[in-house]
Amino acid sequence: QVQLVESGGGLVQPGDSLRLSCAASGRTFSNYAMGWFRQAPGKEREFVAAISASGRNTAYSDSVKGRFTISRDYAKNTLYLQMNSLKPEDTAVYFCAADYNGYTRVIANYDYWGQGTQVTVSS
């Protein structure tokens with residue numbers, strides 16, 4: 001089992017920045033690829049970013065590429081999502097997830113999920 005706990009969400013204005021954290025415990029953090037996903041009201045959960053177990057490979061959705069950065073700290077067993085130039089359409093609940101079999105954009109491939117943290121971008 002891997003336990004994941006997100007934090008760092010909040011209410012910000014358009015153009016602001018926010019950093020989300022995802023603290024992992026349980027199994028060995030370095031064995032898992034990690035991903036960030038989000039779900040807006042009335043919409044399906046969607047891929048945001050992923051990072052491989054080694055940290056050498058990353059992937060982003062087109063909607064966040066160039067604005068968001070995914071990273072991980074093995075000493076702290078923590079995954080991060082730095083979000084810059086936030087837009088109202090980034091408003092959603094953000095989830096982190098762990099995938100033992102390799103990093104992917106596919107939601108169904110992820111084995112463990114956090115409870116989510118709300119990000120609201122509004123003036």
Show the nearest heavy-atom pair for residues [X] and [Y], with the distance to one decimal.
| X | Y | answer |
| --- | --- | --- |
| Ala53 | Ser30 | CB-O, 3.4 Å |
| Met83 | Val119 | CE-CG2, 3.9 Å |
| Tyr74 | Gly55 | OH-N, 3.1 Å |
| Thr78 | Lys76 | OG1-O, 2.8 Å |
| Ala33 | Gly102 | CB-C, 3.7 Å |
| Tyr103 | Ile51 | CB-O, 3.8 Å |

Give, for atom [atom1] of [X] and atom [atom2] of [Y], the distance between the pair rounded to the nearest 0.5 Å.
| X | Y | atom1 | atom2 | value |
| --- | --- | --- | --- | --- |
| Leu4 | Ser25 | CG | OG | 7.5 Å |
| Gln118 | Thr91 | CD | OG1 | 7.5 Å |
| Thr58 | Lys65 | OG1 | NZ | 9.5 Å |

Would you call [X] and [Y] a side-chain contact if the rule is heavy atoms closer than 4.5 Å?
| X | Y | value |
| --- | --- | --- |
| Phe68 | Trp36 | no |
| Tyr110 | Thr104 | yes |
| Tyr60 | Thr69 | yes |
| Tyr80 | Arg19 | yes |
| Val64 | Arg38 | yes |
| Asp99 | Asp111 | yes |
| Leu79 | Ile70 | yes |
| Met34 | Phe29 | yes |

- Can you tell me if Glu6 uses its side chain to pair, donor with acceptor, with the backbone of Gln115 under 3.5 Å? yes

Given 3.5 Å as the limit, does a donor-acceptor pair link the side chain of Arg67 with the main chain of Ser85, or not?
yes

Gln1 atom CD: more than 12 heavy-atom contacts under 6.0 Å:
no

Is there a path of hydrophobic side-chain contacts, each under 4.5 Å between heavy atoms of I, L, V, M, F, W or Y residues, that connects [X] with [Y]?
| X | Y | result |
| --- | --- | --- |
| Val93 | Phe47 | yes |
| Val48 | Tyr112 | yes |
| Tyr94 | Val12 | yes |
| Leu11 | Val121 | no |

For the residue pair Trp113 and Phe37, categorise the inter-ring angle as parallel (less than 30°), tilted (30 to 60°) or perpendicular (more than 60°). tilted

| With no hydrogens and no angle check, do the side chains of Ser54 and Ser52 hold a donor and an acceptor under 3.5 Å apart? | yes

(request) In plain terms, say whether Asp90 and Lys87 are close enough for a salt bridge, that is, a side-chain N and a carboxylate O under 4.0 Å apart. (result)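 Not counted as a salt bridge, because no side-chain N and carboxylate O are separated by less than 4.0 Å.
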
